[in-house]
Peer 1: 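Quick one: the structure is below, questions incoming.
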Amino acid sequence: MARTTTKATVEKARTLRRSMTLPEVMLWQFLRRKPERLKFRRQHPIGPYVLDFYCAAASVAIEVDGIAHDMGNNPARDQARDAWLERRGITVLRIAATEILADALTTADAVVRQCQAAIDAD
């Protein structure tokens, strides 16, 4: 597959890493420690998109959905993005920001278990 990630997308990812939301920071505090020896990337550029988090070993994208994801044409954009990723073999796991705020550790543990299950299924 040809590389479709542009320089602009890489720059956007760098900018987003410096301005992560509170739920993203809370989740990253756990995922950055390589739980179960899984490596997670934050604000990972792929094609025309920037993923909140990505586990390459499991081919799983983790998207933190705040209130903005329910507004305007954002649900349709999210659907198109998810379809684009799934065509490339990447499973999208969407997590409500409120879920992370309520219990970041349990949410992070669930993410790790899903990634491990994806690896075990292969």
Side-chain angles (χ1 to χ4, degrees):
M1 179 180 341
R3 185 176 175 103
T4 58
T5 303
T6 65
K7 196 173 185 176
T9 305
V10 171
E11 285 302 318
K12 181 178 179 183
R14 285 183 182 137
T15 300
L16 289 171
R17 280 184 208 116
R18 290 187 294 266
S19 62
M20 291 171 59
T21 65
L22 178 59
E24 290 171 341
V25 169
M26 292 171 71
L27 188 57
W28 180 239
Q29 291 306 311
F30 182 82
L31 298 179
R32 72 187 300 179
R33 296 183 187 130
K34 298 183 182 170
E36 300 297 318
R37 297 211 235 144
L38 292 173
K39 180 180 179 180
F40 291 88
R41 300 173 187 159
R42 65 185 170 126
Q43 304 303 333
H44 177 68
I46 184 164
Y49 302 108
V50 178
L51 308 177
D52 290 339
F53 301 98
Y54 181 61
C55 179
S59 293
V60 172
I62 300 100
E63 290 298 308
V64 177
D65 289 348
I67 189 93
H69 284 266
D70 297 331
M71 297 178 170
N73 67 345
N74 287 341
R77 285 183 19 214
D78 285 347
Q79 273 187 326
R81 173 190 181 143
D82 291 357
W84 187 92
L85 291 165
E86 288 172 8
R87 285 193 301 274
R88 283 150 182 85
I90 298 171
T91 302
V92 179
L93 176 59
R94 292 195 165 275
I95 302 171
T98 55
E99 188 177 327
I100 298 167
L101 291 169
D103 191 348
L105 188 58
T106 299
T107 304
D109 186 55
V111 168
V112 171
R113 280 187 279 115
Q114 281 207 262
C115 289
Q116 194 62 57
I119 291 170
D120 293 345
D122 280 345

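The first residue in the sequence is number 1, and the count goes up from there. In what follows, every heavy atom counts, from backbone to side chain, and hydrogens, waters and symmetry copies are set aside.
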Peer 1: Is the closest side-chain heavy-atom distance between Val64 and Phe53 below 4.5 Å?
Peer 2: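 Yes, side chains in contact.
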Peer 1: Between the side chain of Arg88 and the main-chain N/O of Trp84, is any donor-acceptor distance below 3.5 Å?
Peer 2: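 The answer is yes, because a donor-acceptor pair under 3.5 Å joins these two groups.
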Peer 1: Work out which heavy atom in Cys115 is nearest to a heavy atom in Ile62; give both atom names and the distance.
Peer 2: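 Heavy atoms only, the tightest pair is SG-CD1, 4.5 Å.
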Peer 1: What verdict does the side-chain contact (heavy atoms from CB on, under 4.5 Å) test give for Thr15 and Glu11, after you've listed the backbone C-alpha separation in whole Å, the side-chain angles of each residue and the deciding distance to 0.1 Å?
Peer 2: CA-CA 6 Å; Thr15 300; Glu11 285 302 318; 5.5 Å; no
Peer 1: Of Leu93, Leu85, Val92, which is the lone residue that meets side-chain contact (heavy atoms from CB on, under 4.5 Å) with Glu63?
Peer 2: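 For Glu63, the side-chain contact (heavy atoms from CB on, under 4.5 Å) check succeeds only for Val92.
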Peer 1: Can you tell me how far the CG atom of Leu27 sits from the CD atom of Glu99, to the nearest 0.5 Å?
Peer 2: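 Leu27 atom CG to Glu99 atom CD measures 10.0 Å (nearest 0.5 Å).
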Peer 1: Hey, could you give me the NZ/CG distance between Lys39 and Leu31, rounded to the nearest 0.5 Å?
Peer 2: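 With rounding to 0.5 Å, NZ (Lys39) is 13.5 Å from CG (Leu31).
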Peer 1: Please examine the side chains of Asp52 and Ile95, heavy atoms only from C-beta on, and report whether any two atoms are closer than 4.5 Å.
Peer 2: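 Heavy-atom side-chain distance check fails, nothing below 4.5 Å.
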Peer 1: Any side-chain heavy-atom pair from Leu22 and Met26 closer than 4.5 angstrom?
Peer 2: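 Sidechains of Met26 and Leu22: in contact.
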Peer 1: For residues 103-117, pull every pair meeting side-chain hydrogen bond (donor to acceptor under 3.5 Å, both in side chains), keeping only residues two or more places apart or in separate chains.
Peer 2: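 Sorted pair list: Asp103-Thr106, Asp109-Arg113, Gln116-Asp120.
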Peer 1: Decide yes or no for Glu24 and Leu16: does some side-chain heavy atom of the first lie under 4.5 Å from some side-chain heavy atom of the second?
Peer 2: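 Of all side-chain heavy-atom pairs linking Leu16 with Glu24, none is under 4.5 Å.
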Peer 1: Do you know which two heavy atoms are closest between Ser59 and Tyr54, and how far apart they sit?
Peer 2: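 Looking at all heavy atoms of both residues, the shortest contact is CA-OH, 4.0 Å.
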Peer 1: Mind running side-chain contact (heavy atoms from CB on, under 4.5 Å) on Val111 and Phe30 for me, showing each step along the way?
Peer 2: CA-CA 10 Å; Val111 168; Phe30 182 82; over 6 Å; no
Peer 1: Distance-only check: which donor-acceptor pairs under 3.5 Å involve side-chain atoms of residues 40-51, not counting sequence neighbours?
Peer 2:
residue, atom, partner, partner atom, Å
Arg42, NH1, Arg17, O, 3.3

Peer 1: Count the heavy atoms belonging to other residues, nucleotides or ligands that lie under 6.0 Å from CZ of Arg37, then report whether that count exceeds 12.
Peer 2: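 Open.
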